[in-house]
Amino acid sequence: MKHITHVTRLHLNKPEIMFRTPAFIIALVLIITMIISFALQRAGLDPASPAYADGARSNIAVAYALPGFLVYYGVQAVSTTFPFALALGTTRRAYVLGTALANLILSVFVAAMLTVLLWIELATDHWFFGSYALDNYALGSGDAWVLAVTVFLGTFVAVTIGGFFGAIWVRFGTKGPTIAGVVLGLIIVLILLAIAPNFIEIVTSITRGDLAVGAIVVALLALVGTWVTMRRAAVR
């Protein structure tokens with residue numbers, strides 16, 4: 001357990017990247033959303049109308065603003081700390097578990113941050129002038145519990161997938177992530193081709209619970225893949 005916590009502390013050693021960058025990205029999304037909302041209202045849209053609220057809740061900028069950074073963070077976190085951790089005597093198993101714990105901490109932080117911001121948004125009647133940033137359809141339409149679970153799982157999946165690609169880079173070099181990406185892309189394409197005849201029915205039948213289970217499975221597969229890859233990765 002000691003080695004696991006040491007790895008976690010190693011990841012937490014750069015709070016400016018792990019915590020401040022996600023906060024900055026979310027702050028930027030909020031500001032841009034407010035500017036757009038103000039511009040639309042100046043153009044004549046009524047923020048009190050149901051049609052305005054319905055359209056504003058379709059804004060899912062928050063949902064796709066963070067994943068790119070989180071995947072990148074997962075890649076660089078593993079690729080930069082793995083050699084150092086093993087040089088200090090950490091086992092590969094402890095490294096993967098410590099990294100997973102650090103990813104959980106980051107996921108809790110991002111989920112808590114967005115939940116608090118949602119509460120503020122709702123308490124201020126959408127930032128005092130009808131600006132919908134976190135109260136959107138993708139994150140539960142103002143349901144704090146749905147938002148918290150969705151953001152937590154989404155963050156954990158994104159950063160864990162990034163960690164898997166970081167492990168591939170450590171194990172196989174620069175060509176590894178490219179080959180892995182192509183293989184995963186082909187698998188996804190084959191799955192889509194297989195379900196194509198019933199695609200609409202399948203998509204419309206998927207519930208939030210199904211998505212949560214799928215996210216957990218993907219994260220676990222990424223962690224297992226990271227551990228398997230790390231077992232024979234050279235320290236360099």
Side-chain angles (χ1 to χ4, degrees), residues 21-22 25-26 29 55 57-80 82 92 95-97 99-100 102-104 106-107 110-111 114 136-141 146-234:
T21 301
I25 293 173
I26 294 302
V29 171
R57 285 194 175 96
S58 299
N59 169 34
I60 58 173
V62 169
Y64 58 74
L66 279 178
F69 163 76
L70 293 171
V71 172
Y72 155 78
Y73 171 79
V75 172
Q76 68 86 32
V78 168
S79 61
T80 58
F82 175 70
R92 295 164 194 264
Y95 179 81
V96 174
L97 292 175
T99 300
N103 292 347
L104 287 172
L106 175 59
S107 301
V110 175
L114 293 187
N136 60 56
Y137 294 126
L139 298 180
S141 301
V146 172
L147 178 141
V149 173
T150 302
V151 172
F152 172 81
L153 290 176
T155 301
F156 188 68
V157 169
V159 74
T160 303
I161 289 175
F164 168 71
F165 277 95
I168 293 291
W169 183 85
V170 172
R171 173 67 177 85
F172 298 103
T174 55
K175 294 182 179 179
T178 301
I179 296 173
V182 171
V183 171
L184 290 175
L186 288 175
I187 292 174
I188 293 173
V189 169
L190 291 175
I191 293 174
L192 290 175
L193 289 174
I195 66 173
N198 302 307
F199 181 77
I200 296 178
E201 292 82 355
I202 293 174
V203 171
T204 55
S205 66
I206 295 175
T207 65
R208 289 188 181 274
D210 296 330
L211 291 175
V213 172
I216 294 171
V217 171
V218 170
L220 291 176
L221 289 175
L223 286 174
V224 172
T226 300
W227 178 68
V228 171
T229 304
M230 288 294 192
R231 290 181 65 184
R232 297 186 178 181

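Note that the coordinates shown come from a computational prediction; the quantities given were computed from them, not determined experimentally.
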>> Suppose we screen for salt bridge (Lys or Arg N to Asp or Glu O under 4.0 Å). Which residues come up paired with Arg57, at least two apart in sequence or across chains?
In response: Asp135
> For Val29 and Ala65, which heavy atoms make the closest approach, and how far apart are they?
Replying inline: CG2-CB, 3.5 Å
> If every non-hydrogen atom of Phe164 is compared with every non-hydrogen atom of Gly225, which pair is closest and at what distance?
Replying inline: CD1-C, 3.7 Å
>> Among Val71, Leu184, Thr226, which residue satisfies the side chain to side chain contact (heavy atoms under 4.5 Å, CB included) criterion with Phe165?
In response: Leu184
>> For a 4.5 angstrom cut-off between non-hydrogen side-chain atoms, does Ile168 reach Thr229?
In response: yes
>> Under the rule for side chain to side chain contact (heavy atoms under 4.5 Å, CB included), what residues qualify as partners of Val224, not counting sequence neighbours?
In response: Val228
> Can you name the residues that form a ring pair (Phe, Tyr, Trp, His ring centres under 6.0 Å) with Tyr73, not counting sequence neighbours?
Replying inline: none
> What distance do Asn136 atom CG and Asn59 atom CG have between them, rounded to the nearest 0.5 Å?
Replying inline: 6.5 Å
> Hey, what's the ring geometry for Tyr72 with Phe69, parallel, tilted or perpendicular (30° and 60° as the breaks)?
Replying inline: tilted
> Does a sphere of radius 6.0 Å around CG in Leu190 hold more than 12 heavy atoms from other residues, nucleotides or ligands, not counting ones at 6.0 Å or beyond?
Replying inline: yes
> Say you draw a straight line from CG of Leu66 to OG1 of Thr155; how long is it, rounded to the nearest 0.5 Å?
Replying inline: 6.5 Å
> Hey, are the side chains of Tyr95 and Val78 touching, using non-hydrogen atoms and a 4.5 Å cut-off?
Replying inline: yes
> With a 4.5 Å limit on heavy-atom distance, are the side chains of Val149 and Arg208 in contact?
Replying inline: no
> Between Phe172 and Gly176, which heavy-atom pair has the shortest distance, and what is it?
Replying inline: CB-CA, 3.9 Å
> Roughly how far, to the nearest 0.5 Å, is the CD1 atom of Ile161 from the CG atom of Asn103?
Replying inline: 11.0 Å
> Distance from Leu106 atom CG to Leu70 atom CG, nearest 0.5 Å?
Replying inline: 6.0 Å
>> Which heavy atom of Ser79 sits nearest to which heavy atom of Val170, and what is that distance?
In response: CA-CG2, 3.8 Å
> If every non-hydrogen atom of Val110 is compared with every non-hydrogen atom of Val151, which pair is closest and at what distance?
Replying inline: CG1-CG1, 3.6 Å
> What heavy-atom pair brings Ala100 and Phe156 nearest, and what distance separates the two atoms?
Replying inline: O-CE1, 3.7 Å
